[in-house]
Asker: 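Supplied in structure tokens, the structure appears directly below.
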Amino acid sequence: MNSKKKRTIFGVVAGQVADVEQKHLLKGIISQARCLDIDIAVISNLYNPEQTRSEINCENKIYDIILSPELSGIILSAESLLNRELQTYVMELVKKSKLPTVVVFGQIEGFTCLCADDVADFEMMTDHLIEKHNITKIDMLTGPESIQASLSRAEGYKKSLEAHGIKFEESRLHFGNFWYESGEALAMKYINKELPMPEAVVCANDYMAYSLCDTLINHGIKIPEDISVVGYEYVDQRIYHQPLLTTFNKNRHGIGAEAVRILYEKIYNKKVEDTLNFKSEVIYGNSCACGPSHIHLNNEMKSAALTRHYIDMSIHSQFEHRLTECCSFFELVTVAQKFTYLIRNALGVYLCVYENWYHNNFEKTKEKNSDCMICYNIRDHIYTDNVPSIFQKNSPMPASLWSHETPLAFYCCPVFFQNKLFGYLIITYDEADGYDSIFRNWIKAFSNAMEFIRMKNDISYLLKCQNVPEKHDPLTGMYNINGLSYALEVAKSSSPEQFVFVMLRINMLSDNFTPTEQEKKLNSTVQAGNIIKSLIKNEKEFCCTIDQNTFLFIGYAGYDPGYEEILCDKLNFNIIHNTDIARTFGMDSFTVISHRTSDTSLSSEDITNLMNLKIEKITNEYIEKIKEKEYKNFSQIKTDIYTQPLYLFTTEALCRKFCFSEGYFRSLYKKFNNISFHQDCIISKITYAKYLLYTSAADNTSVASRCGYEDEKYFQRIFKKCTGLTPGQYRNIISSE
């Protein structure tokens, strides 16, 4: 290896770079960087959801590499960072780095910004239909009205119409969401004759164009004979849809190359010849009368075949099985080395992990990732030395990787499991290329295997597993009696002002079950355990299993008055409507009680005795009622009322069924249930309404209707009479607790 030298490194900050749009951009960036003898470090997450997801938020720590002193400049792909919080986080890092920065596909004040000319592109697209195909009745499907790109693309469409003397009609401009359902929705409006069928539709991206064509074809409408459709963006999915879409390829390659040129001039103050233009390229297909370009079609077929090949290799490989068998980190790396062929076109693969990656959950132990990282050469066609390198985490990788004969592209992607960041994987390419979406399965399997190895070698974890029978109930996973004593001592160490207790008892009136019923009883225990565990909202709350039929919630977080009643409500309506307990064993098979006390010196025995006394009082009342001849029938009636709140139960029908007079029926019902039949029917509906208010986003009208009330105002009066709150007030309280 001769004449190695350290090159200038430009960082490219993007999201989910396996997406085809980002791959096109990166090919332009890497190609131009190679011409200027510059290395590229691509910094990207893997999943990149638009909404924050706590279980994968850890992946975004990969962007801390932005602060690496190795980088000389940054190219930021603004469009690819979907999440607002992530956008803010990345911009703070970029500003903190103080590096020269070029923003592509976004407008950010204070930075040099490059964007495609959407107006010119869509003017050209519309020109194509008018001038080449003599079409004048043209609709446009664009994105959300709130997004500037949607409006810019619509502006180009309007300009073309105006230039050709065609009057723009507002009714021909349709706003969607840049995704498949928008195209389908517009197609159905044409099919159902809600809108007149145009001669052509210009779509603001390919995804909407694909679904528009698919839906029209499925309903017998011929393309392009009956209607022409053109797309935009060229997302390499044309061969999966018919007819072959005519689309316009935004020049991401050119914009990427231009970003490198501008950044190079900023840093070195050297002029680089600008021979680039950002004009889109027409990719001809059969969705207009042009006919396909065989060059593009052949390239797409080759790309699809290669993708299919790697998918097949991934499916049939034993990679995940072999990882599961590993008992040490060394074995894990050895297995990974044998399966790097699944990472398409990779020149080298390096695993960089924090020196203390194998430690326990950092979020709980408050331990931070170490400053030192270790780099393992998993695959490299250049270097034969496989001795791990140690380097500081403020550098994106060992210095040895920066010295090579020709410029390379380094893709840095996170290796993590839930909230634990182990480090990152670096994949190198010596050409304008990068990994594809199949790679995400590879790194996910590898990350999961790292977590398995961490657990297998974590002594505290193994000890915890051994202690499960000692402090935890094996069926529900909650604390048992021994665990209750332990948890109480932990709680008391924080000097609580008061305790709130809520106890749930199931199978109250019987312990004699047939083998078939035993299975149902076991299932009810698991269901009840899950329901009471759902009450836990913070670290100052815990649950325990007193016995197979009794569960206890304890909290000491400083609650508002009435908090325990809210918890009882949650348990009641969830037991009735979210489990099989009431339906299988009856409404008298369970009960919920609560207690609040300022006596924080209570032992576990004191607590269980206190709560059991309350439960026993209720149980004894039931036992006395069971002795009554007709109790069983009335118990079933109550169960039916609560588990079928929408069924119209009438005293007339029930009296005929049991041969009672109405007066006698009403008298017995109130005797057994301490409430009138009519009032209990109302309470059953209100209980169901509470369940809907807590578990769904349905508005008051919908909740009223689903509870059998046609008049929403009447429903609200009844609800407030029963609870003291309006449905909206109840939802706010129950959702915030």
Side-chain angles (χ1 to χ4, degrees), residues 10-36 38 40-44 48 73-82 101-108 111-125 143 147-150 152-153 156 178 203-210 230-238 245-264 274-284 293 295-296 299-300 303 409 411 429 431-437:
F10 288 173
V12 177
V13 180
Q16 200 170 325
V17 293
D19 286 356
V20 64
E21 296 93 337
Q22 298 309 303
K23 287 175 73 70
H24 288 168
L25 174 67
L26 283 163
K27 284 185 177 181
I29 290 173
I30 296 168
S31 296
Q32 180 75 330
R34 286 175 61 78
C35 293
L36 297 173
I38 292 170
I40 292 295
V42 181
I43 307 164
S44 173
N48 196 37
I74 292 173
I75 297 171
L76 172 62
S77 175
E79 67 171 357
S80 67
L81 302 177
L82 304 179
T101 300
V102 175
V103 177
V104 294
F105 299 112
Q107 294 292 336
I108 301 177
F111 293 92
T112 301
C113 301
L114 292 177
C115 293
D117 190 342
D118 283 352
V119 175
D121 283 351
F122 276 77
E123 185 174 6
M124 180 178 68
M125 289 169 63
I147 295 178
Q148 182 56 46
S150 307
S152 298
R153 296 174 189 190
F178 284 132
C203 295
N205 74 1
D206 282 0
Y207 299 113
M208 296 191 294
Y210 290 144
V230 293
Y232 186 63
E233 295 279 20
Y234 189 43
V235 297
D236 290 358
Q237 293 183 12
R238 296 197 309 159
L245 183 68
T246 295
T247 185
F248 285 68
N249 185 16
K250 182 190 288 190
N251 193 355
R252 293 177 181 276
H253 188 286
I255 290 175
E258 178 71 354
V260 174
R261 185 191 70 79
I262 292 173
L263 196 55
Y264 183 87
D274 180 8
T275 59
L276 305 171
N277 74 78
F278 299 160
K279 188 176 180 181
S280 293
E281 174 191 11
V282 182
I283 310 295
Y284 294 107
S293 162
I295 294 176
H296 287 111
N299 289 337
E300 291 170 44
S303 176
Y411 282 71
Y429 296 88
E431 55 188 26
D433 202 353
Y435 58 77
D436 54 23
S437 58

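Just so it is clear, the values below take in all heavy atoms, side chains as well, and ignore hydrogens, waters and symmetry mates.
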Asker: Taking atom OH of Tyr284 and atom CG of Leu245, what is their separation to the nearest 0.5 Å?
Answerer: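 One finds 13.5 Å between OH of Tyr284 and CG of Leu245.
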Asker: Without hydrogens or angle criteria, can the side chains of His253 and Glu281 be said to hold a donor-acceptor pair below 3.5 Å?
Answerer: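 Per modelled atom types, His253 and Glu281 side chains form no pair under 3.5 Å.
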Asker: Begin with the C-alpha distance, continue with both residues' side-chain angles, and end with the deciding distance and a verdict on side-chain contact (heavy atoms from CB on, under 4.5 Å) for Tyr429 and Ile30.
Answerer: CA-CA 10 Å; Tyr429 296 88; Ile30 296 168; over 6 Å; no
Asker: Could you tell me which non-hydrogen atom of Ala432 sits nearest to which non-hydrogen atom of Lys27, and how far apart they are?
Answerer: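 Reported closest heavy-atom pair: O-CG, 3.5 Å.
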Asker: Check whether Ser80 reaches the backbone of Ser77 with its side chain - one donor and one acceptor, N or O, closer than 3.5 Å.
Answerer: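 Yes.
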Asker: Provide the closest heavy-atom pair for Ala204 versus Gly143 in the form atom of the first, atom of the second, distance.
Answerer: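 Here Ala204 and Gly143 meet closest at CB-N, 4.2 Å.
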Asker: Could you tell me which residues satisfy side-chain contact (heavy atoms from CB on, under 4.5 Å) with Glu233, sequence neighbours excluded, listed by chain and number?
Answerer: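 With sequence neighbours excluded, Glu233 shows a side-chain contact (heavy atoms from CB on, under 4.5 Å) to Arg153, Asn205, Val235, Lys250, Arg252, given in chain and number order.
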Asker: Taking side-chain hydrogen bond (donor to acceptor under 3.5 Å, both in side chains) as the criterion, tell me which of Thr247, Asp121, Asn249 meets it with Tyr232.
Answerer: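 Filter result, single survivor: Asp121.
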Asker: Got Tyr264 and Arg261 here, is their nearest side-chain heavy-atom distance under 4.5 Å?
Answerer: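 A side-chain contact is absent here, since even the closest heavy-atom pair is not under 4.5 Å.
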Asker: Walk me through whether Val104 and Leu76 qualify under side-chain contact (heavy atoms from CB on, under 4.5 Å).
Answerer: CA-CA 6 Å; Val104 294; Leu76 172 62; over 6 Å; no
Asker: Between Glu258 and Gln32, does any side-chain donor sit less than 3.5 Å from a side-chain acceptor?
Answerer: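 There is no such pair between these side chains.
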Asker: Please identify each residue that fulfils side-chain hydrogen bond (donor to acceptor under 3.5 Å, both in side chains) with Ser152, with sequence neighbours left out.
Answerer: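 Gln148.
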Asker: Which donor-acceptor pairs under 3.5 Å do side chains of residues 12-21 form with protein atoms, sequence neighbours excluded?
Answerer:
{"residue": "Gln16", "atom": "NE2", "partner": "Asp19", "partner atom": "OD1", "Å": "3.2"}
{"residue": "Glu21", "atom": "OE2", "partner": "Tyr207", "partner atom": "OH", "Å": "3.3"}

Asker: With sequence neighbours left out, write down each residue that passes salt bridge (Lys or Arg N to Asp or Glu O under 4.0 Å) with Asp236, or none if nothing qualifies.
Answerer: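 Here no residue qualifies.
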Asker: Rounded to the nearest 0.5 Å, what separation is found between the CG atom of Asp117 and the CD1 atom of Ile255?
Answerer: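 Answer rounded to 0.5 Å: 9.5 Å.
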Asker: For Gly106 and Ala78, work out which heavy atoms get closest and say how close.
Answerer: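 Scanning both residues, the minimum pair turns out to be CA-CB, 3.9 Å.
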Asker: To the nearest 0.5 Å, tell me how far Lys23 NZ sits from Asp433 CG.
Answerer: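 Lys23 NZ to Asp433 CG: 5.5 Å, rounded to 0.5 Å.
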Asker: Is the side chain of Ser303 donor-acceptor paired with the backbone N or O of Asn299 at a distance under 3.5 Å, no angle test?
Answerer: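 The answer is no, because no donor-acceptor pair under 3.5 Å joins these two groups.
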Asker: For Tyr234, enumerate each residue passing the ring pair (Phe, Tyr, Trp, His ring centres under 6.0 Å) test, keeping only those at least two apart in sequence or located in another chain.
Answerer: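 None.
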Asker: Going from CD1 on Ile40 to OH on Tyr411, what distance comes out if it is rounded to the nearest 0.5 angstrom?
Answerer: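 Going from the CD1 atom of Ile40 to the OH atom of Tyr411 covers 9.5 Å.
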Asker: Start with the C-alpha gap between Leu25 and Phe105, add the side-chain angles, then the distance that decides, and say whether side-chain contact (heavy atoms from CB on, under 4.5 Å) holds.
Answerer: CA-CA 10 Å; Leu25 174 67; Phe105 299 112; 4.0 Å; yes
Asker: Can you measure from CD1 (Ile283) to CD1 (Ile295) and round to the nearest 0.5 angstrom?
Answerer: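 Spacing of CD1 (Ile283) from CD1 (Ile295) equals 10.0 Å.
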Asker: Can you list everything that forms a salt bridge (Lys or Arg N to Asp or Glu O under 4.0 Å) with Arg238? Sequence neighbours excluded, please.
Answerer: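 Here the qualifying residues are Glu300.
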Asker: Give, for atom CD1 of Ile75 and atom OG1 of Thr112, the distance between the pair rounded to the nearest 0.5 Å.
Answerer: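 The CD1 atom of Ile75 sits 11.5 Å away from the OG1 atom of Thr112.
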